[in-house]
Amino acid sequence: MSTNQYNRFTVTAALPYANGPKHIGHLAGAYIPSDVYVRYLRLSGKDVIYVCGSDEHGTAIPNQALKEQTTPQAIIDKYDALIRECFDKLGISFDIYHRTSEAIHHQTSQEFFLTLYNKGLLSEEVSEQYFDEEAKVFLADRYIVGTCPKCGHTNAYGDQCEKCGSTLSPRELINPRSTLSGKTPILKPTRHWYLPLEKYEPWLRDWILKSHQHDWKPNVFGQCKSWIEAGLQPRAMTRDLDWGIKVPLPGAEGKVLYVWFDAPIGYISATRALFDEITSGNRKYATPRSDFSKADKDDWKKYWQAKDTRLIHFIGKDNIVFHCIIFPVMLHTSEEFILPDNVPANEFMNLEGDKMSTSRGWSIEMHEYLADFPDKPDVLRYALLTNLPETKDSEFTWKDFQAKNNNELVAILGNFVNRAVVLTQKYFDSEIPARKELVDVDKKALADLKQYPTLIASSIEAFRFREATANLMDLARVGNKYLAETEPWKLAKTDMDRVGTILNIALQIAASLAIVSEPFLPFTSRKLKDMLGVGDWNWKEAGNPDLLNPGTKLREATLLFEKIEDAVIDSQIKKLMDTKRAVELAQQPAVPAKAEISFDDFSKMDIRIGKILKAERVEKSKKLLKLQVDTGLDVRTVMSGIAEHFTPEEVIGKQVTILVNLAPRKIMGVESQGMILMASDKDGSLKLLSPSTETAPGSQVS
RNA sequence: GGCGCGGUAGCUCAGGUGGUUAGAGCGUUGGAUUCAUAACCCAAAGGUCGGGGGUUCAACUCCCCCCCGCGCUACCA
């Protein structure tokens with residue numbers, strides 16, 4: 001079916017997994033592009049719903065609860081609220097942001113499962129799985145470690161050895177142990193229901209490889225092809241877990257639906273909830289953005305079952321297999337639902353040269369950005385939009401973020417609008433002047449103006465959001481160029497009719513900018529419309545040279561954007577480094593304890609408090625400082641390998657802990673009489689051990 | 001190992017089904033200008049399109065080999 005035969009759109013954005021905060025890579029992957037797309041559709045008067053919600057099941061939630069010493073419910077409540085609030089503040093305009101923990105979702109998922117089950121499409125199989133007797137749970141591959149059978153690495157995971165890279169299954173591990181309890185797991189038979197993906201291979205070949213070779217993105221298509229060619233296998237749709245959606249079958253106690261079975265169904269549940277809430281007037285999660293006043297409770301079906309509905313899934317590349325293979329097979333075999341027409345998955349966005357990762361502390365979390373830049377959601381949207389990982393992994397840097405703000409949003413877009421409005425203020429007392437006779441340069445500007453909305457629209461429709469964003473900025477460039485060419489500030493002395501014509505055209509360009517910027521920069525669009533004293537327009541009015549009526553007054557000029565100074569950027573980069581370091585330290589295990597010793601062994605050491613009187617570098621040595629230390633017994637020379645961590649000036653006058661009865665030893669030709677004790681931090685840095693308050697030199701440490 | 005996607009100016013990236021001097025933005029340099037948040041506008045410099053073969057009148061674009069990065073490899077969400 002070609003695009004123009006569709007009468008309505010169902011747009012989904014990947015359900016964020018509610019086990020932690022989400023970062024700007026997630027925004028770039030799915031939420032920003034889908035929001036631009038949906039806002040554009042709405043402005044164009046299309047019938048569209050935009051659904052999302054928190055994904056709250058799966059093994060990682062209870063695990064996170066364990067880590068935070070709380071309950072799974074507390075985890076999902078916490079992160080659902082956090083993620084929900086961030087999306088709102090960033091202007092992600094879902095019609096509903098739902099939760100998979102809601103009853104209606106449990107019901108929808110169980111119905112879906114039973115539909116497949118009753119059709120006899122799920123096969124039941126018993127297999128032996130590792131079970132942790134202490135934690136009383138079956139273990140996912142990732143939670144089993146052991147010795148790699150190929151390289152002997154002692155900490156290989158149940159699915160893969162990170163040392164040699166080989167793919168493993170838990171049964172291959174030598175001396176397996178559970179990461180939950182540390183105990184050796186036992187094998188225990190367990191029964192599960194499988195979706196026989198291999199049976200649908202011919203159908204998938206036809207649907208994807210034949211029908212969507214040209215309209216799906218190469219990365220998406222290639223990934224699907226890779227999976228299909230590799231040969232599909234049955235995939236278990238249930239798990240042994242007590243957190244999730246109960247398997248609705250007799251004798252299935254302790255079993256839940258596989259989180260990847262229920263998560264995509266969440267799109268459907270969210271849609272049901274949307275129409276429930278609209279028609280009942282009971283708003284809990286829904287924030288409908290279009291006019292649904294005539295909606296019916298059952299209208300959710302139109303958005304999931306009618307052939308003239310276009311379903312689009314926005315996701316990151318990690319989700320391709322679920323949205324292009326597994327979920328479509330589920331939809332197809334249920335024989336009740338439509339299939340996605342496109343899945344414009346993005347690649348990943350890296351950060352300052354490294355992969356983004358919340359757990360490694362190398363990321364910009366949404367809530368942290370919003371805390372640091374509360375009035376700048378559009379700046380982030382713009383910086384991400386201009387660099388979306390549409391065809392390959394892309395790179396976010398703070399310097400680039402600053403440059404995009406200062407050189408484009410401020411200097412091009414903000415500046416153009418400001419010039420037009422301020423000039424009108426100056427020469428016409430803020431009253432929009434009329435156009436008089438047009439010369440070539442005016443006609444050229446109006447002709448350009450007319451083209452841009454079409455150009456931008458076609459880029460959006462082709463899921464080329466980066467290109468669309470660049471076109472948006474180019475329209476502002478047209479405005480700046482027009483002002484530079486016509487120079488109204490010079491004509492103001494001689495020809496006010498001409499000045500009026502020019503400013504009318506400049507303001508008309510600004511008005512169209514207010515329309516076409518809405519999908520990309522919704523907050524800025526609002527600000528600009530307020531400044532121009534106008535309401536909302538439809539997309540098809542963009543490019544119209546008569547949006548603004550001569551004689552009406554403009555509001556006071558305000559700046560759309562402000563410059564971001566170097567210091568702000570530098571502190572963000574520092575914050576990033578600090579967080580990473582803190583996480584690394586927290587994750588590094590302490591060095592194992594040494595062998596036991598007796599008290600006598602200990603008491604042989606004479607440890608005292610000393611004071612460093614003098615310190616100097618040692619020639620030709622990188623590590624050594626030559627210290628003069630007052631030990632209370634004497635003043636002696638001690639060579640200490642701390643030069644990479646301290647300057648001589650830093651340590652002079654410091655009280656330290658010193659082992660005084662260590663046998664003297666010549667180091668670099670100097671006799672060292674004792675040893676300064678140091679704490680070696682997890683990152684390898686050294687810390688002096690000083691008494692908490694000034695203590696007499698010679699005091700014994702025991 | 002296998003498969004997939006990438007490797008294009010200093011940086012971030014575009015370049016359907018091969019065809020005139022390989023593009024954009026930023027950065028750099030020079031010019032012009034002063035209405036504007038020292039912003040805008042104009043211009044220039046800058047690339048053996050990862051490397052090597054091949055097909056072709058013609059290849060960044062098709063085929064083969066190699067190197068590098070990323071991803072997937074099916075119970076990590």
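Throughout, a chain's letter reflects where its sequence line sits, starting with A, and its residues are numbered from 1.
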Exercise. Which value, in whole Å, describes the distance between the C1' atoms of nucleotides B/U33 and B/G6?
Worked result: 44 Å
Problem set entry | Distance between C1' atoms of B/G15 and B/G25 (Å, rounded) | 15 Å
For this session: Determine: side-chain N/O of A/Asn407 to OP1/OP2 of B/G27, distance under 4.0 Å, yes or no.
Result: yes
For this session: Tell me which of A/Leu559 and A/Pro218 sits closer to the 5' end of RNA chain B, going by the nucleotide each one is nearest to.
Result: A/Pro218
Exercise. When you check the phosphate oxygens OP1 and OP2 of B/A39, does a side-chain N or O of A/Lys563 lie under 4.0 Å from one of them?
Worked result: yes
For this session: Please check if any side-chain donor atom of A/Gln73 sits under 3.5 Å from a side-chain acceptor atom of A/Asp77, or the reverse.
Result: yes
For this session: Consider only side-chain N and O atoms of A/Glu467 and A/Thr469, and report whether a donor and an acceptor are under 3.5 Å apart.
Result: no
For this session: Indicate whether OP1 or OP2 belonging to B/C5 is found under 4.0 Å from a side-chain N or O atom of A/Lys317.
Result: no
Exercise. Can you check whether A/Ile564's main-chain N or O pairs, donor with acceptor, with A/Asn406's side chain at less than 3.5 Å?
Worked result: yes
Exercise. How long is the line joining NE2 of A/His192 and C1' of B/C75, in whole Å?
Worked result: 9 Å
Problem set entry | 5' priority, RNA chain B, between A/Asn219 and A/Val422 [closest heavy atom] | A/Asn219
For this session: Using the P atom as the reference point in each nucleotide, state the distance between B/A58 and B/G19 in Å, no decimals.
Result: 14 Å
Problem set entry | Name of the residue among A/Trp216, A/Tyr200, A/Phe221 meeting ring pair (Phe, Tyr, Trp, His ring centres under 6.0 Å) with A/Trp207 | A/Trp216
For this session: Remember a base hit wins even if backbone is also touched, and classify A/Thr386 as base, sugar-phosphate or nothing at under 4.0 Å, heavy atoms.
Result: nothing
Seminar exercise, completed: Which of B/U8, B/C72, B/U37 is nearest the side chain of A/Trp227? It is B/C72
